[in-house]
Student: 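After the structure tokens below, expect a handful of questions from me.
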Amino acid sequence: MSLVNQLISHANLGRMLSDGEVSQYSPTEIREAIQQLVANDNNDLAYALGDAGISLYPNSEDMLAINGLLAIMRQDWRLGVDYLEDLMTLQGEHTQPFTYVMLVRALRCNLDPARALEVVRKGLKAYPQHTDLMAESLSLEGFTDAIHSTEVAH
């Protein structure tokens, strides 16, 4: 029985899988199950599985990435930032452009445009032609320029 089917079967009985049952699956299998749950609009089960997965595998790239996205889906910007920053630390110079973009967006939503601008600049150093990073940079540059001109006017 697949992890998703097992989760749904247990949920229909009013219970969740134990950590021991979830630990039989790899971080990749858990991430794929979460993606399938989200695709099928079973977000509550996806969140619960994400929580179990990150508690079992706190230093897994798969778990940090998917939990970062789940936090953003829940609009828990601070938690999303935390997970994505941990993921970037783990990946180092191998951080993917999508991770930079998602972290920038989470930082913007968390009302930290200065830090978002730092991250987008770092991302553009690694991926200078990435269109989403360039767009985020232009938007943030315009935003910070507007803030500075407002501060000068006062």
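None of the values given here were measured: they were computed from a predicted structure. Quick note: residue numbers are just sequence positions, from 1.
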Student: Indicate yes or no: at least one non-hydrogen side-chain atom of Leu138 is less than 4.5 angstrom from one of Met134.
Tutor: no
Student: So which heavy atom on Val38 is nearest to which on Ala46, and how close?
Tutor: CG2-CB, 3.7 Å
Student: Please walk me through it: do Asp112 and Val81 pass side-chain contact (heavy atoms from CB on, under 4.5 Å)?
Tutor: CA-CA 10 Å; Asp112 194 350; Val81 167; over 6 Å; no
Student: Of all heavy-atom pairs between Tyr127 and Pro97, which one has the smallest distance, and what is that distance?
Tutor: CZ-CD, 3.5 Å
Student: Which heavy-atom pair separates Ala52 from Asp19 by the least distance, and what is that distance?
Tutor: CB-OD1, 4.0 Å
Student: Please name the residue in the list Asp51, Leu49, Leu7, Val22 that meets the side-chain contact (heavy atoms from CB on, under 4.5 Å) test with Met16.
Tutor: Leu7
Student: If you round to the nearest 0.5 Å, how far is CG of Leu90 from OG1 of Thr99?
Tutor: 11.0 Å
Student: Quick one: does Trp77's side chain get under 4.5 Å of Ile72's, heavy atoms only?
Tutor: yes
Student: Could you go through Val104 and Asp132, starting from their C-alpha distance and side-chain angles, then the distance that decides it, and tell me whether this counts as side-chain contact (heavy atoms from CB on, under 4.5 Å)?
Tutor: CA-CA 10 Å; Val104 167; Asp132 287 341; over 6 Å; no
Student: Answer yes or no: is there a side-chain heavy-atom contact under 4.5 Å between Tyr83 and Met88?
Tutor: no
Student: Backbone N or O of His94 within a donor-acceptor pair of the Gln96 side chain at under 3.5 Å?
Tutor: yes
Student: With the side chain counted from C-beta on, respond yes when Leu3 and Glu32 share a heavy-atom pair under 4.5 Å apart, and no when they do not.
Tutor: no
Student: Would you say the side-chain atoms of Ser9 and Asn12 include a donor-acceptor pair closer than 3.5 Å?
Tutor: no
Student: Please confirm whether the backbone N or O of Asp82 pairs with a side-chain atom of Glu85, one donor and one acceptor, at under 3.5 Å?
Tutor: no
Student: With the side chain counted from C-beta on, respond yes when Asn43 and Leu37 share a heavy-atom pair under 4.5 Å apart, and no when they do not.
Tutor: no
Student: Evaluate the criterion side-chain contact (heavy atoms from CB on, under 4.5 Å) for residue pair Ile34 and Tyr47; output intermediate values, then yes/no.
Tutor: CA-CA 8 Å; Ile34 291 168; Tyr47 298 144; over 6 Å; no
Student: Rounded to the nearest 0.5 Å, what separation is found between the OG atom of Ser60 and the CD1 atom of Ile30?
Tutor: 8.0 Å
Student: Can you check whether Arg121 reaches Glu141 side chain to side chain, under 4.5 Å on heavy atoms?
Tutor: yes
Student: Under the side-chain contact (heavy atoms from CB on, under 4.5 Å) criterion, do Tyr25 and Arg31 qualify, and how do the steps go?
Tutor: CA-CA 10 Å; Tyr25 296 91; Arg31 176 188 46 80; over 6 Å; no
Student: How about Leu84 and Leu64: do any of their side-chain heavy atoms sit closer than 4.5 Å?
Tutor: no
Student: Nearest 0.5 Å, what's the CD-CG distance between Glu29 and Asp62?
Tutor: 10.5 Å
Student: Between Asn67 (side chain only) and Met63 (backbone N and O only), is there a donor and an acceptor less than 3.5 Å apart?
Tutor: yes
Student: Using a 4.5 Å cut-off on heavy atoms from C-beta on, say whether the side chain of Pro27 contacts that of Glu61.
Tutor: no
Student: Would you check if there is a donor-acceptor pair between the side chains of Ser139 and Arg108 at a distance under 3.5 Å?
Tutor: yes
Student: How far does CG of Leu87 sit from OG1 of Thr95, to the nearest 0.5 angstrom?
Tutor: 6.5 Å
